[in-house]
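Comments concern the structure below.
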Amino acid sequence: IEDQTLLGYKKLKLANAWMDPTFMKDIVASNIYRKYLPSGEANLIKLHVQGDYLGLYVNVESINKQFLKKHYDEKKGPLFKCDNIERFCDTSNAPSAMPPNLYYMGDDTTLYYNSYDMKSDHGWEDLVNLIKTIETDFNNIDSVLNVDRTLWAFAANQVLLNLDCYNTYYVHNYYLYQTKDSLFQMIPWDLDNSFAGAILGSFFPWSTAYEYDPFFTVSPNSQPWEVRPLLDKLLSDPFYRNLYTAHLRTIINESLDTSFIRSEIHHLQQLAYNAANDDQNKLFSIQDYYSNVESALWTGWWSFAGIMSTIDERKEF
């Protein structure tokens, strides 16, 4: 309903935690990401529909004009949700739509329609210019991209082992917004597979997930849908590589205090216990709600990494 808000917000995005027995991964990750770059807030909500309790949901902030105004004091620039029409980007076989990997396919903007979702009234030419600059004029990348904020996003993705983003396993789950200074800003999105999440089950042996290379890149000679041109070129540049490494160190030193994170989780889970216990639609048991905080949960093919066990393994690596 136009002009209607809830606690000041114009839109709710409710996730049913179908890949997170703890209901906490998106929230804990959000609290860390937001220290280093604009990212969405997250909390828990008890959802009632027509007076009936439907269950406990993770409530994540929408990356919309209200978000843009809050962080950039503007909201009229080009905004793209970087997910292709397939949503899940299979890197093992040729996809029917190119993943949003910032691969240059030519100047024709229509070539990008299936790979990026424009959320503004204009911006295709600006997005293609960014992608073309990465490919053909990288020395001027800082004229079209906020490189430092992008490196903060890359560093947070790796430290928190978010395997569902541009510079790790799957290539998606980020927004690009162009501010008035003509720089695109990378905004993280959909953090529920932080701390390895359900993607742990894609690694054999499991320990290799915890040892995901923070300097991972894909050879430029790989198939077009496999490459990550921006990542490859940033980490190949000595200055940007050093800056990225410094950001890794900062996040590790400042934000992986396990006693603080455990206390934060314990407080919120206790607050939400009745809501979780009474939720007849949740996909996991109340035992899993607690146990998956500390250790991985194995359910046949699917596996769900523990928050604390992932942090411990990642810090050691």
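Hydrogens, waters and symmetry mates play no part in the numbers below; they use all other heavy atoms, side chains included. Quick note: residue numbers are just sequence positions, from 1.
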Checklist entry - What's the verdict on side chain to side chain contact (heavy atoms under 4.5 Å, CB included) for L47 and L14, showing C-alpha distance, side-chain angles and the deciding distance? => result CA-CA 9 Å; L47 182 63; L14 305 181; 3.9 Å; yes

Next on the checklist: Can you tell whether the side chains of D312 and R314 come within less than 4.0 Å, N to carboxylate O?
Outcome noted: no

Next on the checklist: Strictly distance-based, threshold 3.5 Å: is any side-chain N or O of Y116 a donor or acceptor partner for the main-chain N or O of L102?
Outcome noted: yes

Item to check | Distance in Å, D213 CG paired with T208 OG1, rounded so as to fall on 0.5 Å steps | outcome: 12.0 Å

Checklist entry - N31 and E264: side chain to side chain contact (heavy atoms under 4.5 Å, CB included), yes or no, with the steps? => result CA-CA 10 Å; N31 289 343; E264 184 181 51; 2.9 Å; yes

Next on the checklist: Tell me whether K233 contacts the main-chain N or O of E135 through its side chain, where contact means a donor paired with an acceptor under 3.5 Å.
Outcome noted: yes

Checklist entry - L44 and F23: which non-hydrogen atoms are nearest, and at how many Å? => result CD2-O, 3.7 Å

Checklist outcome for this item: Between A305 and T310 the two heavy atoms that sit nearest each other are CB-OG1, 3.5 Å

Checklist entry - Pick one: which of N59, L54, V60 meets side chain to side chain contact (heavy atoms under 4.5 Å, CB included) with Y57? => result L54

Checklist entry - When you look at S309 and I307, which way does the side chain to side chain contact (heavy atoms under 4.5 Å, CB included) test go after all the steps? => result CA-CA 6 Å; S309 56; I307 297 174; over 6 Å; no

Next on the checklist: Donor-acceptor pair, distance only, cut-off 3.5 Å: does the side chain of Q66 make one with the backbone of G8?
Outcome noted: yes

Checklist entry - Could you state the interatomic distance from OG1 (T136) to OH (Y104), rounded to the nearest 0.5 Å? => result 7.0 Å

Checklist entry - Quick one: does N157's side chain have a donor or acceptor within less than 3.5 Å of a partner on N162's backbone? => result no

Next on the checklist: Under a 3.5 Å distance rule, please check whether Y103 uses its side chain to pair with a backbone N or O of M98 as donor and acceptor.
Outcome noted: no

Item to check | Main-chain N/O of A196 paired to Y212 side chain as donor or acceptor, under 3.5 Å | outcome: no

Next on the checklist: How about CG on D121, more than 12 heavy atoms from neighbouring residues, nucleotides or ligands closer than 6.0 Å, or not?
Outcome noted: no

Checklist entry - With a 4.0 Å cut-off, would you call K11 and E61 a salt bridge? => result no

Next on the checklist: Using salt bridge (Lys or Arg N to Asp or Glu O under 4.0 Å), reason through R241 and D237 one step at a time and then give a plain yes or no.
Outcome noted: CA-CA 6 Å; R241 187 181 180 94; D237 180 284; over 6 Å; no

Next on the checklist: Minimum heavy-atom separation for M19 and A198, please, with both atom names.
Outcome noted: SD-CB, 3.9 Å

Checklist entry - Are side-chain heavy atoms of L248 and F154 found at a separation under 4.5 Å? => result no

Next on the checklist: Counting only heavy atoms not in E316 (residues, nucleotides, ligands), do more than 12 fall under 6.0 Å from its CD?
Outcome noted: no

Checklist entry - Just wondering, do R34 and E41 contact through their side chains at under 4.5 Å, heavy atoms? => result yes

Item to check | More than 12 heavy atoms of other groups within 6.0 Å of K46 NZ | outcome: no

Checklist entry - What orientation do H172 and Y170 show, parallel under 30°, tilted 30 to 60°, or perpendicular over 60°? => result perpendicular

Checklist entry - Should we count NZ of K76 as having more than 12 external heavy atoms under 6.0 Å? => result no

Checklist entry - With ring centroids as reference points, do Y273 and Y289 lie under 6.0 angstrom apart? => result no

Item to check | S143 side chain to N140 backbone, donor-acceptor under 3.5 Å | outcome: yes

Next on the checklist: Looking at H267, is its backbone amide N or carbonyl O close enough to the side chain of Q270 to form a donor-acceptor pair, meaning the two atoms are under 3.5 Å apart?
Outcome noted: no

Next on the checklist: Do F304 and D288 make a side-chain contact, defined as non-hydrogen atoms from C-beta onward lying under 4.5 Å apart?
Outcome noted: no

Next on the checklist: In this structure, is the centre-to-centre distance between the rings of F203 and Y210 below 6.0 Å?
Outcome noted: no

Next on the checklist: Under a 4.0 Å threshold between the charged nitrogen and the carboxylate oxygen, would D137 count as salt-bridged to K132?
Outcome noted: no

Next on the checklist: Over 60° means perpendicular and under 30° means parallel, so tell me whether H247 and W152 are parallel, tilted or perpendicular.
Outcome noted: parallel

Checklist entry - Take atom NE2 in H266; do more than 12 heavy atoms of anything else shown fall under 6.0 Å from it? => result no

Item to check | Closest non-hydrogen atom pair between A29 and S194, with its separation | outcome: CB-OG, 3.4 Å

Checklist entry - Can you say whether the rings of F138 and Y240 are parallel (under 30°), tilted (30 to 60°) or perpendicular (over 60°)? => result perpendicular

Checklist outcome for this item: One should read off an interatomic distance between T133 OG1 and L230 CG, to the nearest 0.5 angstrom, of 11.0 Å

Next on the checklist: Checking Y72 against Q178 for the side-chain hydrogen bond (donor to acceptor under 3.5 Å, both in side chains) test, could you report, in this order, the C-alpha distance in whole Å, the side-chain angles of both residues, the deciding distance, and whether it holds?
Outcome noted: CA-CA 10 Å; Y72 305 111; Q178 188 183 46; over 6 Å; no

Checklist outcome for this item: Here the gap from N274 atom CG to D279 atom CG, rounded to the nearest 0.5 Å, amounts to 12.0 Å

Next on the checklist: I need the F184 CZ to L130 CG distance, nearest 0.5 Å.
Outcome noted: 5.5 Å

Next on the checklist: Minimum heavy-atom separation for S202 and Y169, please, with both atom names.
Outcome noted: CB-OH, 3.8 Å

Checklist entry - Between the side chain of D190 and the main-chain N/O of N173, is any donor-acceptor distance below 3.5 Å? => result no

Checklist entry - Between W189 and Y175, what is the ring plane arrangement, given parallel below 30°, perpendicular above 60°, and tilted in between? => result perpendicular

Checklist entry - Of the non-hydrogen atoms in N292 and D20, which two are nearest, and what is the gap between them? => result OD1-OD1, 4.4 Å

Item to check | N101 vs V227, side chain to side chain contact (heavy atoms under 4.5 Å, CB included): CA-CA, chis, key distance, verdict | outcome: CA-CA 7 Å; N101 58 354; V227 299; 4.0 Å; yes

Next on the checklist: So does R228 get a backbone contact from the side chain of D232, meaning a donor-acceptor N/O pair under 3.5 Å?
Outcome noted: no

Checklist entry - For F204, does the CZ atom sit with more than 12 other heavy atoms under 6.0 Å from it, leaving out its own atoms? => result yes

Checklist entry - Take atom CZ in R249; do more than 12 heavy atoms of anything else shown fall under 6.0 Å from it? => result no

